[in-house]
Amino acid sequence: MKLDFIAPDKLAISKANMRYAKKPPDVSDILPTIRARGILVPLIVRPNCSPGSYEIVAGARRFTAARQVAEERGDLPGEPLPCAILGEGDDVAAIEASLIENIARLAPDEVTRWETFARLVREGRDVTDISATFGIPEAGVKRILALGNLLPRIRTLYRKEEINAATVRHLTLASKAQQKSWLALHDDPNSYCPTGHQLKEWLFGGASINVDHALFDIEASGLAIIADLFGDERYFADADMFWRAQEQAILERKQAYLADGWSDVVIVPRGDYFHRYDFAQAPKRKGGRIYIEVRSNGDVAFHEGYVTTKEARRLERGEAIDKETKPARAEISSTCQTYIDLHRHAAVRAALIGHPKVALRLMVAHAIVGSYLWRVRAEPQSCRNDAVRESVESGAAEALFDERRRAVLALIGFDAEEPTVTGGSGDPHGLVGLFLRLLELPDRAVMDVMTIVIGETLESGSAVVEAVGQEIGIDMAAVWQADDAFFECLRDRDILTRLVAEVAGEIVAKANAKEPGKVLKRIIRDHLNGTSGREKCENWVPKWMAFPPAAYSERGGVGTVKAAALVAAARADHAPVRDVADTGGPQQPQREAA
């Protein structure tokens, strides 16, 4: 390497420079210094193909600032610049020089570092070499290289700081298909796009269990594992399979404690807490027990040597724990208990066939409270657009549903201020308490509860919404009117022209076909409101929102129309289903009035 002064018109930014881009780099922070004192630190350059010409591998920002200062002074191309000249053909050294120099000045973003590290890997550098060269831990290098497994669009969003590091971290857990689905949600202003920790719940369907919580041999279990590309977090792909293996391991630990002489082992129900203030420590010889706390995230804590506070006071007085208060060892084995449970289960579900009223109430209770086998979630009705969200919340349909929901909450003994019936529990006995409460209610009241639960858990935008709407015969004009949020969503002038034709007629539509969208929207508003001398159009609903819906063009892309096509195909493939009454006899279904 040698030092020399080179004319600016003999210099060009190298593609090996990490600041290389069609757009000039930001030099606002160093421009005042360059104006006042010029370039003090030499640019790192190397010869290029043209004789006497060089390319800059480090110092692109200083070079750009010097050119800008020369342009301001009117003396282009400017004075020769100090340069340190590398040997020919040293691509790897050039890339390293560029990154080292830029990290020391304006820290590049992680995506830019990934691009540079990836080029070094292609040139033969390994993680250890890159770590030693730049003083970054190997884990940090691997984390940056892991960005290469994300879709380019996601990396671009990260570079632009439109998504944060936590979101990117969880996206590395996603498959390419999941990444594409997430991008579709991100691009849709009317959809909820999960980020941060909510993204992890979205990826795992609400149950993400870290492998560190497993009590069993993970490799021997054969359970599928999903790892983030940073290599820091690993999760079980199937939560149900995890819990089967975990619960078996817990039972084995319980048997081992009992065999070791502990008086009892209490497994705290999953999700409940072991409150230490309700217990006191006691040794094994004085009747201390083991309490196994099973947490919802899969973690298990073993609390050894505890008794209740009441029992502890007896011990302090020198009294032994009475046999009546001391839990006795179970009189049957876990295998025998399983045998009993399975046979009782078989008998109950066989008997339920003849008692549909009981089964209905049990199903409704499960849908509301949930259980180990039931996971029912309320439709979040999420939207990133505040105007759309407010439009739905203030609509007549939502107001009616909320009024009936409050009535149902009171009916089953829940707090009327609860946001949903689904997922709540106003009974300290949980599922059993709610089931017994439902048994006390008449069929009509249970049906009212069920309609609210199914309404809360009906997936927005799904084909089943279309099927129900057609079956009931919903008139959208009775519960909806065009508002500001609706007009804000309309952007296509051709479609706006078709809407004008619906409310004002073809003549008006053709006369205004070339007018801007604002004019077309004003015409529609005037006809809907009967203002500005225009004839009022009553009960208008755009074709997309009606039951059944329709499109205005052949372009497609309308979700409700696609849903209607699915419903039509299903109707063609399925014969009408007949109801079965509580008496067991078949009856023709009777449609209720809407």
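Keep in mind it's a predicted model, so treat the numbers as computed, not measured.
Using bins of under 30°, 30° to 60° and over 60° for the plane-to-plane angle, the ring pair Tyr306/Phe279 lands in the perpendicular bin. Between Phe216 and Phe242, the ring-plane angle classifies as tilted under the 30° and 60° cut-offs.
At least one donor-acceptor pair closer than 3.5 Å links the side chain of Gln246 to the backbone N or O of Leu215. A donor-acceptor pair under 3.5 Å links the side-chain atoms of Trp182 to the main chain of Pro194, judged by distance alone. Side-chain atoms of Arg444 never come within 3.5 Å of backbone atoms of Leu441 as a donor-acceptor pair (strictly under, hydrogens ignored). Panel note: side chain Lys284, backbone Asp260; a donor-acceptor pair is recorded below 3.5 Å. A distance-only check finds a donor-acceptor pair linking the side chain of Thr457 to the backbone of Val453 [under 3.5 Å]. When atom types are taken as modelled, the side chain of Ser263 and the backbone of Gly287 share a donor-acceptor pair closer than 3.5 angstrom. A donor-acceptor contact shorter than 3.5 Å links the side chain of Arg437 to the backbone of Leu411. Between the Gln179 side chain and the Leu151 main chain, a donor and an acceptor come within less than 3.5 Å of each other.
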inquiry  = Assess the residue pair Asp443 and Arg361 against the criterion (salt bridge (Lys or Arg N to Asp or Glu O under 4.0 Å)); give the C-alpha distance rounded to whole Å, side-chain angles, the decisive distance to 0.1 Å, and a yes or no.
reply    = CA-CA 9 Å; Asp443 288 356; Arg361 286 156 174 79; 2.6 Å; yes
request  = Would you please test Arg405 and Asp448 for salt bridge (Lys or Arg N to Asp or Glu O under 4.0 Å) and show each step?
outcome  = CA-CA 9 Å; Arg405 171 167 43 206; Asp448 288 342; over 6 Å; no
request  = Assess whether salt bridge (Lys or Arg N to Asp or Glu O under 4.0 Å) is satisfied between Asp483 and Arg525, documenting all intermediate values.
outcome  = CA-CA 9 Å; Asp483 55 12; Arg525 285 178 183 271; over 6 Å; no
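Under 3.5 Å, the side chains of Tyr257 and Glu304 contain a donor-acceptor pair of N or O atoms.
Shortest non-hydrogen contact noted between Glu456 and Thr420 is OE2-CA, 3.3 Å. Across all their heavy atoms, Arg555 and Asp492 have their closest contact at NH1-OD2, 2.8 Å. Contact detail for Phe547 and Val465: the closest heavy-atom pair is CE2-O, 3.7 Å.
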